[in-house]
Amino acid sequence: MAFLCRSAASLLKSSRAAPAAVCAARGYSAGGQYEYILVEKRGEKSDVGFIQLNRPKALNALCDGLMRELGEALDAFEADGEVGAIVLTGSEKAFAAGADIKEMQNRTFQECYGGNFLAHWNRVSTVKKPVIAAVNGFALGGGCELAMMCDIIYAGEKAQFGQPEILLGTIPGAGGTQRLTRAVGKSLAMEMVLTGDRINAQNAKQSGLVSKIYPVDQLVTEAVKCGEKISANSKLVSAMAKEAVNAAFELTLAEGNRLEKRLFHATFATDDRKEGMTAFVEKRKASFQDN
């Protein structure tokens, strides 16, 4: 959930079937059907889905229309058998400065509870393909929550992260209290949520919120490179690996180990596992077919 910063404005190969392909192709028209985002494929093999939030005048505030378009773009990339990873970014000034407060200002409890307000925001976290957030500038409130829904976060040198909802008389509502605590620990998360204070990219990396920091003008390029590395592997097995890592946040150690073992065993039912090990023994590069 969250809000405009105060300084701002006040698997997978599942479906190579025709319908999915048409839907995917429609989404890659350099933003064509979209009002609030830009969508294309990047990488030397065009195997990285690229989504850029595009509400510059509002510092990419997350309005309902933007989040619904984001879900549609993610669905299209999920159905595209050529795409192995997805990069999500904003502008150099703001990844996303928060939720659109004007949209939610007059909502009632009955509307929020009855309509399960913000439920569809979780689409980013349910995509089977790896999602990389490339965060420049402000990632505040809903913007920080959106970044944390992604699997990997790369930050630009001037990035700022925060959950300042408390300053608006509310609390995070799209995972901020839960994912932030798991990422940086209770003390720092509690401080950020209760004071509304931000942390910079360096502190975010030290606390484990982001994995790498790059110069502002190199951030997106590096995120796409990471996406290309991921896409070069088996998309099927990458989805299994992602599922196993995410389970660590939900399960006990014993339960997580059992799930990991089952998924590990499951890889032995795939052609890609056989190809990968055979290529290693034969000292050649593996050619994965996502089977």
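We number each residue from 1, following the sequence as shown.
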Yes or no on side-chain hydrogen bond (donor to acceptor under 3.5 Å, both in side chains) for T221 and Q218, after CA distance, side-chain angles and deciding distance? CA-CA 5 Å; T221 298; Q218 297 177 26; over 6 Å; no

Hey, are [X] and [Y] close enough for a salt bridge, meaning a charged N less than 4.0 Å from a carboxylate O?
{"X": "K41", "Y": "D80", "result": "yes"}
{"X": "R284", "Y": "E275", "result": "yes"}
{"X": "K225", "Y": "E228", "result": "no"}

Set of salt bridge (Lys or Arg N to Asp or Glu O under 4.0 Å) partners for R179, sequence neighbours left out: none

Count I, L, V, M, F, W, Y as connected when their side-chain heavy atoms are under 4.5 Å apart, and connections chain through other members. Are [X] and [Y] then in the same cluster?
{"X": "M240", "Y": "L251", "answer": "yes"}
{"X": "V245", "Y": "V131", "answer": "no"}
{"X": "L263", "Y": "F288", "answer": "no"}

Nearest heavy-atom pair of C150 and V124: which atoms, and what distance?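 Shortest heavy-atom contact: SG-CG1, 4.0 Å.
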
If you group Ile, Leu, Val, Met, Phe, Trp and Tyr whenever their side-chain heavy atoms sit less than 4.5 Å apart, what else falls in with V48?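 V48 shares its hydrophobic cluster with F50, V87, I132, I152, Y154, Y214, L219, V220, V224, I230.
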
Co-members of V216 in a cluster of I, L, V, M, F, W and Y side chains, linked at under 4.5 Å: none

Counting heavy atoms not belonging to E282, are there more than 12 under 6.0 Å from its CD?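 Count over threshold, so yes.
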
Whether over 12 other heavy atoms sit under 6.0 Å from Y113 OH: no

For residues T126 and R123, is any side-chain donor paired with an opposing acceptor at under 3.5 Å?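 Yes.
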
